[in-house]
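Chain naming here is simple, since letters A, B, ... match the order of the sequence lines and numbering starts at 1 in each. Atoms considered below: every heavy atom in the structure, side chains included; atoms not considered: hydrogens, waters and symmetry mates. Predicted model, so just to flag it, every value in this text is computed and none were measured.
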Amino acid sequence: MSDTWERAQLASARVPFRFKVLVVWVVLFGVLAFLGNAAGFDVQWIRDNFRYILGGLRYTMVIAIAGIVLAIVLALLGALARISHNSVAYGIAGFYVSFFRGTPLIVQMFLLYLALPPVGRNLAEKYSWLPEGFDQALVLDAATAGTIALGLNYGAYMTEIFRSGIQSVAGGQGEAADALGMTYVQKMRKVVLPQAFRVVIPPTGNEFIAMMKDTALVSFLGVTVASAEVFRRSQLVGKADFKNLEAYVAAALVYWGLTVVFTFLQARLEKRIGRGYDRDHVARAMLAANEQGQPHGGGA
Amino acid sequence: MSDLMNDLMNDDVVVRIEGLHKSFGHLDVIRGVDLDVRRGEVVVIFGRSGSGKSTVLRCVNFIEDPTQGTIEVAGIRLEGGHRTRRKRAQIRQLRLHVGMVFQQFNLFPNMTVLDNVLCAPRCAGRSSAEVTKRAKELLDRVGLADKAREHPIRLSGGQQQRVAIARALAMEPDVMLFDEPTSALDPELTGEVLSVMKTLSTDLHMTMMVVTHEMGFAREVADRMAFFHEGRILEEGTPQQLIEAPAHAETRAFLDAVL
């Protein structure tokens, strides 16, 4: 018995590791397919509705891209404030990071979408000197409120990424720029930020991948049918046809595919950047910056 | 006549340090330093690590803010203590008169060698054609004219430090500060950096403050040496006096260890 086991182990050792992993994956998919079949999974329904669900990708991407752009701007400002000696800037940035990292994203979305409009109304009622139409100024549509909330939330996490990225180059490089009589703006623009950007691009890619998945939360705000993103669309058609299993599996596949593609692109980008002028330094700084990111570890 | 010349020379003080104190929290690193450096003079500062020699250098151009005391460079006189907005502008003016070379070179890796040298004059808004010509001359002076288009990472440590010297010279400073310029180099590369530094003194009569343990360089190039001990200058004099006949036991012990 133990002899046979020994021989099996030796035989297994000759099979390439990657091949064995591939077999495991195939088996897993096989089991899932079997279970799906047993549960009456309607492949035809997915075929009929996949195109509609995939149509939501446009909105998912728009929300994610607008969100990450906002997050990058906020993170840059936040990081510069966090390393400055200005107590006002430091205090505001600290408050921002603490609040948006300390509360759930979904709560922030509802705060922007449903809690802000009455604030605008009440203020307009109380202070007549406020400009005309102020009562409507804080009323945002669901997609906009969701996008801003994503940007604010991810901006808070990325502030720490950017801060550690900037600090990883700021020491000796900043001193050299200071010694040459450069102004703060010149030092940042010509010396520190170009080097810091190389360091923060990979973790920013991770945050973008994580954000693409979190765009699904926007559907809880009840976006209109016309501009529904992937998750909202699968909810809509799934409910209508009582095909919840198929609808959510379809949505999961879309997000999964998206993540796989962008993780691949991200890895290539990382390789290109790692090939830069100071490999060890960039690698070390990227590691440090990554540790500051989302607690769920970003994409991949 | 020569006495008069001497008096004139003596009055031409480029760097004047008066009553300098520097503490980091409760740690007093500099505990009262006075030092004058005259034009064209080479002053070598040495002492144990932690004796405050690098910190004094970093206080001269306000990379570190002096806790107390006065720094005067090329007629710009600044007190230690808190940085106000007005003082920040004055610090920047002062720095334009001071070149600094770091132990770790600190070249900008995102720029070519030539852009490293051009960076400061451009930031100060000087005209481009003339500045470029001068930058190339400086690279030629440190023997690296052919490396102008390379990035610093492609150069050896000694070459990088020579570029750093050219970069610091680009603003035509009144004084050059060298903070252990050869300590991060492999032994066989220190010679090329030291010989470039020597030509700055012999050819350009550059005023220099050099923190180094290279006693050979000190003996050959320095006009004056200052031995630092526990945040103060324990002993000061010509290289002959300090190296051949140090007055203090601490100086003697240190020299025995490095020579």
(Q) If you count heavy-atom pairs within less than 4.5 Å of chain A, which of B:Leu94, B:Val101, B:Ile63 leads? (A) B:Ile63

Q: Could you have a look at B:Gln104, B:Met100, B:Arg167 and say which one has the most heavy-atom pairs with chain A under 4.5 angstrom?
A: B:Arg167

Q) Can you check whether A:Val191 reaches B:Met111 side chain to side chain, under 4.5 Å on heavy atoms? A) yes

Q. Under 3.5 Å, side chain of B:Asn106 to main-chain N/O of A:Gly172, donor-acceptor pair present?
A. yes

Q. Quick one: does B:Arg95's side chain have a donor or acceptor within less than 3.5 Å of a partner on A:Ala179's backbone?
A. no

Q.
Measuring from atom CG of A:Leu180 to atom CE of B:Met171, what distance do you get when rounded to the nearest 0.5 angstrom?
A. 8.0 Å

Q.
Side chains of A:Glu175 and B:Arg58, heavy atoms from C-beta outward: is any pair under 4.5 Å?
A. yes

**Q.** Least distance between heavy atoms, B:Asn110 atom then A:Pro194 atom
**A.** ND2-CB, 3.4 Å

Q: Would you confirm whether A:Gln186, through its side chain, and B:Ala120, through its main-chain N or O, come within 3.5 Å as a donor-acceptor pair?
A: no

(Q) Could you tell me if the side chain of A:Met182 sits less than 4.5 Å from the side chain of B:Cys119, heavy atoms only? (A) yes

Q) What are the two closest heavy atoms between A:Gly181 and B:Arg92, and how far apart are they? A) O-NH1, 2.7 Å

Q. Around atom CZ of B:Arg154, are there more than 12 heavy atoms of other residues, nucleotides or ligands at under 6.0 Å?
A. no

Q | chain A contact via B:Leu107 - side chain, backbone, both or neither, heavy atoms under 4.5 Å | A | backbone

Q) With only heavy atoms counted, which part of B:Phe108 is less than 4.5 Å from chain A, the side chain, the backbone, both or neither? A) both

Q) Take atom NZ in B:Lys136; do more than 12 heavy atoms of anything else shown fall under 6.0 Å from it? A) no

Q: Determine whether more than 12 heavy atoms belonging to other residues, nucleotides or ligands lie under 6.0 Å from atom CZ of A:Phe17.
A: no

